[in-house]
Asker: 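Have a look at this one.
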There are 2 protein chains.
Amino acid sequence: MRLPAPARREQILDVSVQVFARRGFHSTSMNDVADAAGVTKPVLYQHFDSKQDLYLALLDEAGNRLRNSVTKAVAGAASGKEQTEMGFKAYFHWVAEDHDAFLLLFGSRASRDEESTAAIRRITAETAHAIAPLIAVDIDPEHQRVLAQGLVGLAEGVSRHLVERGESFDAEQLGQQIADLAWAGLRAVHRNP
Amino acid sequence: MRLPAPARREQILDVSVQVFARRGFHSTSMNDVADAAGVTKPVLYQHFDSKQDLYLALLDEAGNRLRNSVTKAVAGAASGKEQTEMGFKAYFHWVAEDHDAFLLLFGSRASRDEESTAAIRRITAETAHAIAPLIAVDIDPEHQRVLAQGLVGLAEGVSRHLVERGESFDAEQLGQQIADLAWAGLRAVHRNP
DNA sequence: TGGGGTTGTTACCCTGGGGTAACTGTTATG
DNA sequence: CATAACAGTTACCCCAGGGTAACAACCCCA
């Protein structure tokens with residue numbers, strides 16, 4: 001089945017995010033990707049320079065979707081407490097919906113050579129950056145960053161636990177609970193500097 | 001320089017934990033390990049059946065050290081609050097001291113094929129298990145597990161942030177702060193079931 | 001001092017898999 | 001239709017790197 005170039009490119013991206021998410025970068029050969037796309041290897045190389053290139057494109061797209069949804073959610077809330085809630089809920093909604101993307105970025109099978117690591121780190125850092133304002137201003141900025149990173153890890157840990165076991169969950173409710181935990185925790189840290 | 005078998009084995013383990021921690025599983029060849037140990041490849045295969053086998057041995061050792069220190073710390077504390085503090089402090093002490101082991105298990109370059117993933121997951125699960133009792137008993141057990149996993153993720157996220165940037169930190173102080181956050185957070189979750 | 005066990009080396013095999021050259025259909029347009 | 005531009009395939013190259021067979025040095029003990 002023949003496809004025009006841009007459509008094929010999209011299809012390859014769609015298919016390969018699934019394949020890479022499930023089997024990991026190194027266990028997935030370009031032939032695997034090609035097979036999954038119902039096509040042969042050279043076609044892949046018409047659209048992407050290398051395996052790396054394809055993989056990085058995937059990471060980039062996934063990262064954007066994550067960043068967008070969290071940033072948007074936090075921006076649409078007024079109080080710090082509400083921001084926390086909206087942020088976590090958005091995160092868990094993204095995990096629930098963009099399942100494969102989550103595994104690609106944070107699943108235990110994620111690749112992580114020099115470049116991919118950098119890409120993923122950038123995404124985590126951006127997410128942490130979006131969360132940083134939640135944290136009381138009168139704390140040492142470096143320490144703020146550490147806490148933000150911790151909250152991201154919190155959400156990540158919970159998600160990985162659930163996703164890798166294939167358990168479904170209610171993003172709204174889970175987000176509320178984790179946000180409660182985070183918010184109360186942050187206020188406590190604030191009180192004991 | 002010749003060594004008796006058990007000593008050589010130890011030396012290989014010592015050296016390879018560093019190499020794997022820095023460059024990751026896939027980017028490290030057995031020749032790299034051999035070079036780092038000042039020896040040639042076949043020697044490695046006298047002590048380990050395969051690359052996998054060596055790597056799993058490393059994961060296992062690292063995991064044991066982590067589990068031991070956390071479990072011991074938690075066991076030596078009375079109140080829930082104190083357990084939380086001791087637990088997190090122990091975790092961060094381990095990170096600070098057993099630097100390479102942390103990267104091996106949780107660094108972004110960790111390998112993660114079928115078996116390694118399982119090994120690492122087991123360790124995380126065990127750590128979460130050690131933490132679970134901290135969480136109020138009147139919560140749905142499944143939910144308890146999720147929270148425990150989240151706390152592990154919290155510590156992991158903070159540590160990764162610090163370690164991968166090569167920043168040094170005061171384990172005692174950091175542990176105290178994160179424990180404050182976690183403890184206050186847990187009590188909040190408890191109040192809103 | 002010489003032979004058996006032990007430690008180590010050299011030199012190789014061999015497969016997986018990333019990447020490509022050269023060719024074959026297929027669609028659009030004058 | 002003819003032909004160019006495009007989509008796709010077959011068949012291959014090639015090498016990194018895991019793993020091993022065969023050989024060499026060394027050490028200990030009778």
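Quick note on labels: first sequence line is chain A, next is B, and so on, each numbered from 1.
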Asker: Kindly write out the residues that satisfy side chain to side chain contact (heavy atoms under 4.5 Å, CB included) with A:Glu82, not counting sequence neighbours, or none if the list is empty.
Answerer: A:Ala77, A:Ala78, A:Ser79, A:Met86
Asker: Which of the following nucleotides, C:dT20, C:dG17, C:dG8, is nearest to the side chain of A:Tyr45?
Answerer: C:dT20
Asker: Would you tabulate the pairs of protein nitrogen or oxygen atoms and nucleotide nitrogen or oxygen atoms of nucleotides 9-14 of chain C closer than 3.5 angstrom?
Answerer:
from	atom 1	to	atom 2	distance (Å)
C:dT9	OP2	B:Thr40	N	2.9
C:dT9	OP2	B:Thr40	OG1	2.6

Asker: What side chain to side chain donor-acceptor pair (under 3.5 Å) pairs are there with at least one residue in residues 96-105 of chain B, not counting sequence neighbours?
Answerer: B:Arg65-B:Asp98, B:Trp94-B:Asp98
Asker: Take the protein atom CG of A:Asn31 and the nucleotide atom P of D:dT10, then report the distance between them rounded to whole Å.
Answerer: 11 Å
Asker: Could you pull out all residues at least two apart from A:Thr117 that satisfy side chain to side chain contact (heavy atoms under 4.5 Å, CB included)?
Answerer: A:Arg112, A:Arg121, B:Ser108, B:Arg109
Asker: Please table the atom pairs, donor to acceptor, closer than 3.5 Å between any side-chain atom in residues 20-27 of chain A and protein atoms at least two apart or in another chain.
Answerer:
from	atom 1	to	atom 2	distance (Å)
A:Arg23	NH2	A:Asp32	OD2	3.1
A:Ser27	OG	A:Arg23	O	3.2

Asker: Under the side chain to side chain contact (heavy atoms under 4.5 Å, CB included) test, which residues partner B:Thr124, sequence neighbours left out?
Answerer: B:Phe106, B:Ile120, B:Gln149, B:Val152
Asker: Taking only nitrogen or oxygen atoms into account, show me every contact under 3.5 Å that the protein makes with nucleotides 28-30 of chain C, one pair per line with its distance.
Answerer:
none

Asker: Report, one pair per line, the protein and nucleotides 24-26 of chain D atoms (nitrogen or oxygen only) whose separation is under 3.5 Å.
Answerer:
none

Asker: Got a sec, which pairs hit ring pair (Phe, Tyr, Trp, His ring centres under 6.0 Å) with one end in residues 149-188 of chain B, sequence neighbours left out?
Answerer: none
Asker: Using a strict heavy-atom distance below 4.0 Å, which residues from residues 17-28 of chain A are in contact with DNA chain D?
Answerer: none
Asker: Report the distance from atom NZ of A:Lys51 to atom P of C:dT20, rounded to the nearest whole Å.
Answerer: 15 Å
Asker: Within this structure, what is the NE2-to-C1' distance between A:His47 and D:dA7, rounded to whole angstrom?
Answerer: 8 Å
Asker: Whole Å only: how far is the CG atom of B:Asp35 from the C1' atom of C:dG8?
Answerer: 15 Å
Asker: Calculate the interatomic distance between A:Asp53 atom CG and C:dT20 atom P; express it in whole Å.
Answerer: 12 Å
Asker: Which side-chain N or O atoms in residues 33-48 of chain A pair as donor and acceptor under 3.5 Å with protein atoms at least two apart or in another chain?
Answerer:
none

Asker: Check whether any side-chain heavy atom of B:Glu142 lies under 4.5 Å from a side-chain heavy atom of A:Glu167, and answer yes or no.
Answerer: yes
Asker: Within a 6.0 Å radius of atom NE2 on A:His129, are there more than 12 heavy atoms belonging to other residues, nucleotides or ligands?
Answerer: no
Asker: By nearest atom, which of the nucleotides D:dA7, C:dG8, C:dG19 is closest to the A:Ala5 side chain?
Answerer: D:dA7
Asker: Answer whether the closest heavy-atom distance between the side chains of A:Ser50 and A:Tyr55 falls below 4.5 Å.
Answerer: no
Asker: Rounded to whole Å, how long is the line connecting atom CG of A:Leu54 with atom C1' of C:dG18?
Answerer: 13 Å
Asker: Between atom CG of A:Leu56 and atom CG of A:Asp113, what is the distance when rounded to the nearest 0.5 Å?
Answerer: 7.0 Å
Asker: Roughly how many Å is it from CZ in A:Arg8 to P in C:dT26, rounded to a whole number?
Answerer: 14 Å
Asker: By nearest nucleotide on DNA chain C, pick out whichever of B:Met1 and A:Ser50 is the more 5' one.
Answerer: B:Met1
Asker: Charged N to carboxylate O under 4.0 angstrom, A:Asp180 versus B:Arg187?
Answerer: no
Asker: Between atom CZ in B:Phe48 and atom C1' in D:dG18, what is the gap in whole Å?
Answerer: 16 Å
Asker: Does any N or O in the side chain of A:Lys81 come within less than 3.5 Å of the main-chain N or O of A:Ala179, such that one atom is a donor and the other an acceptor?
Answerer: no
Asker: Mind checking what makes side chain to side chain contact (heavy atoms under 4.5 Å, CB included) contact with A:Asp170, not counting sequence neighbours?
Answerer: A:Glu172, A:Gln173
